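Since this is a predicted model, take the numbers as computed values, not measurements.
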Amino acid sequence: MERFDYLIIGNSVGAVGCIETLRSFDKSSSIAVIGEEPHHVYSRALLPYYLDNEVPVEKMLYRPVDFYERLGVTPVLGRRAVGLDTAGHVVKLDDGRTISYGKLLLATGGRPIVPPIPGLDTEKENICNFVALQDLQRISRLLPSAGRAVVLGGGIIGLMAAEALHKKGLEVGVVELAPRVLAPVVDEFTSRLIEEAFRRSGVAIYTGTTFKEVQGGERATGVVLTDGTSLPCDLLVVAVGVVPRVDLAREAGLAVNRGILVNQQMETSAAGVYACGDCAEVYDFLMGNRRVLPLWPNAYAGGRVAAYNMLGMKREYDRATSMNAMHFFDLNIITAGLNTAGEKDGFEVISRFDAGSRSYRRFVLKDDRIYGFTLVTGIARAGIFLHLMRRGCPVTYFKEKLLEEEFGYLAIPEGLRRELLMDEGVMSEHAAANQ
């Protein structure tokens with residue numbers, strides 16, 4: 001039986017954060033990473049650009065090809081962990097091998113949702129998911145014979161898929177059950193801006209409906225919607241969303257809710273076993289409770305915090321919250337925090353839309369602090385707003401200035417500005433003292 005001091009299940013950004021932190025302090029202990037996909041760690045955010053032929057596979061790598069070798073990591077790729085014994089510190093693989101460990105990180109990510117709809121089966125030749133490199137490689141092989149595509153799901157993944165397929169010259173329709181696209185992610189006005197951008201570009205959007213059935217046998221030939229609309233297709237992409245992959249943890253007896261429950265040290269209910277990324281429920285400092293936050297920066301930071309605690313260097317991850325950066329056609333969008341909350345939830349909302357530049361700003365406020373924000377087009381100062389939100393800074397005296405395109409540190413009162421700049425390391429103590 002192979003044994004490693006540190007074992008990571010899942011080969012994505014959380015694993016990278018963990019590996020890099022472990023090796024910063026421990027140069028000699030053994031590390032292994034198990035990855036179900038056979039590929040080197042890559043950036044999932046670049047998947048649509050791979051489909052658009054703008055980014056080849058080698059340019060999608062999240063770390064250089066010698067990353068594992070250089071950091072002394074044993075990659076076990078193309079293998080799936082099927083069993084976990086936390087008492088015996090043993091993981092079983094799908095090829096029958098067993099690996100023992102000293103400390104373990106679960107970074108198992110999420111799996112795509114496929115709704116139980118008649119005829120909807122991703123085993124069919126032209127029905128695909130859109131979450132992994134192998135999905136995109138499969139879609140690429142289907143493109144030469146495809147002229148019409150239907151995307152099920154108007155969330156971030158679905159809209160990214162629709163834009164990529166449209167740019168490949170396909171006639172595309174997006175079907176979303178909710179009354180608007182990105183309903184859980186952005187406010188109603190932002191949804192309308194996004195829908196307009198897609199329709200202007202020639203992508204059809206069908207909201208308030210879903211598939212009643214998928215037509216065809218071995219291949220999907222079309223779909224019938226619940227409102228009676230029929231849409232022919234040569235390619236069908238399922239992009240309803242993902243759910244945390246918690247089966248391994250649950251079967252091992254770990255505490256699981258929607259995701260694997262972890263404390264602020266990223267440790268699960270089993271001592272020496274940690275979890276991060278899309279599979280974990282982490283502490284959201286704005287909500288004051290634990291929830292799944294399937295975001296790239298949160299996964300990396302979670303992996304780093306887990307590594308510190310694996311090393312016995314206590315750290316807490318208490319700055320996590322939801323944040324999304326999106327780009328659809330000519331729209332750049334950044335959201336953070338409780339950005340969809342409104343007056344009915346007990347918050348104050350201030351917003352401004354400039355029809356000429358199509359710039360939109362929306363801030364959710366309560367108790368003199370920012371709880372969430374949405375920026376469309378004018379996104380350059382998002383880092384300042386995030387800093388204000390994370391620190392819980394009072395904004396009463398410059399609240400209205402938040403809506404100005406040129407808002408920056410100079411709009412913030414001097415004392416607070418000095419604190420923020422010092423906190424970010426922008427200013428030296430000497431410069432701050434003499435400002």
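Atom CE in Met326 sits 9.5 Å away from atom CG in Leu159 (nearest 0.5 Å). In this structure, the separation between CD1 on Ile370 and NZ on Lys399 is 11.5 Å, given to the nearest 0.5 Å. Atom-to-atom distance recorded for Arg381:CZ and His387:NE2 is 15.5 Å, nearest 0.5 angstrom. Atom-to-atom distance recorded for Met323:CE and Asn298:CG is 10.0 Å, nearest 0.5 angstrom. Expressed to the nearest 0.5 Å, how far CG of Leu416 lies from CZ of Arg391 amounts to 7.0 Å.
Counting only residues at least two apart or on different chains, no salt bridge (charged side-chain N to carboxylate O under 4.0 Å, His left out) pair has a member in residues 112-124. Legend: salt bridge (charged side-chain N to carboxylate O under 4.0 Å, His left out) pairs involving residues 329-343, not counting sequence neighbours, sorted by first then second residue: Arg200-Asp330. Within the structure, the salt bridge (charged side-chain N to carboxylate O under 4.0 Å, His left out) test picks out the following pairs touching residues 70-95 (sequence neighbours left out): Asp66-Arg70, Arg79-Asp94, Arg79-Asp95, Asp95-Arg97. A salt bridge (charged side-chain N to carboxylate O under 4.0 Å, His left out) check over residues 268-286, counting only residues at least two apart or in different chains, returns the pairs Asp284-Arg291. For residues 10-24, the side chain to side chain donor-acceptor pair (under 3.5 Å) pairs, not counting sequence neighbours, are Asn11-Tyr68, Glu20-Arg63, Glu20-Tyr300, Thr21-Arg304.
Residues Asn339 and Thr190 form no side-chain contact, since every pair of their non-hydrogen atoms from C-beta on lies 4.5 Å or further apart. In this structure the side chain of Arg199 reaches within 4.5 angstrom of the side chain of Ile205, judged on heavy atoms.
A centroid separation of less than 6.0 Å is found between the aromatic rings of Phe198 and Phe329. Aromatic rings from Phe385 and Phe407 are positioned such that their centres are separated by under 6.0 Å.
A donor-acceptor contact shorter than 3.5 Å is absent between the side chain of Tyr50 and the backbone of Leu136. Thr268 contributes a side-chain N or O that, together with a main-chain N or O of Val273, makes up a donor-acceptor pair within less than 3.5 Å. Asp345 places no side-chain N or O within 3.5 Å of a backbone atom of Phe347 that could act as its donor or acceptor partner. Within the 3.5 Å criterion, the main-chain N or O of Val91 finds no donor-acceptor partner in the side chain of Thr98. Looking only at distances, no side-chain donor or acceptor of Asp26 sits under 3.5 Å from a matching main-chain atom of Leu22. Under the 3.5 Å distance criterion, the side-chain polar atoms of Asn126 are matched with a main-chain donor or acceptor of Ala220. Listed for the Ser269 side chain is a donor-acceptor partner under 3.5 Å among the backbone atoms of Ala255.
Side-chain polar atoms of Glu37 and Tyr42 form a donor-acceptor pair below 3.5 angstrom.
Scored by the side chain to side chain donor-acceptor pair (under 3.5 Å) test, Arg180 finds Ser191 as partners (sequence neighbours excluded). When the side chain to side chain donor-acceptor pair (under 3.5 Å) test is applied to Thr209, the partners found at least two apart in sequence or on another chain are Thr226. Partners of Met160 by side-chain contact (heavy atoms from CB on, under 4.5 Å), not counting sequence neighbours, listed by chain and number: Pro48, Ile156, Phe328. Checked against ring-ring contact (aromatic ring centres under 6.0 Å, His included), Phe130 has no partners two or more places apart in sequence or in another chain. The side chain to side chain donor-acceptor pair (under 3.5 Å) search around Arg3 returns Asp5, not counting sequence neighbours. In terms of the side chain to side chain donor-acceptor pair (under 3.5 Å) criterion, residue partners of Arg369 (sequence neighbours excluded) are, by chain and number, Tyr371.
Crowding of Glu218 atom CD: a count of heavy atoms from other residues, nucleotides or ligands under 6.0 Å not exceeding 12. Annotation: Glu69, atom CD; neighbour count of heavy atoms from other residues, nucleotides and ligands within 6.0 Å does not exceed 12.
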Could you tabulate the donor-acceptor pairs under 3.5 Å formed by side-chain atoms of residues 101-109, not counting sequence neighbours?
| unit_1 | atom_1 | unit_2 | atom_2 | d |
| --- | --- | --- | --- | --- |
| Lys103 | NZ | Met310 | O | 3.0 |
| Thr108 | OG1 | Arg245 | O | 2.9 |

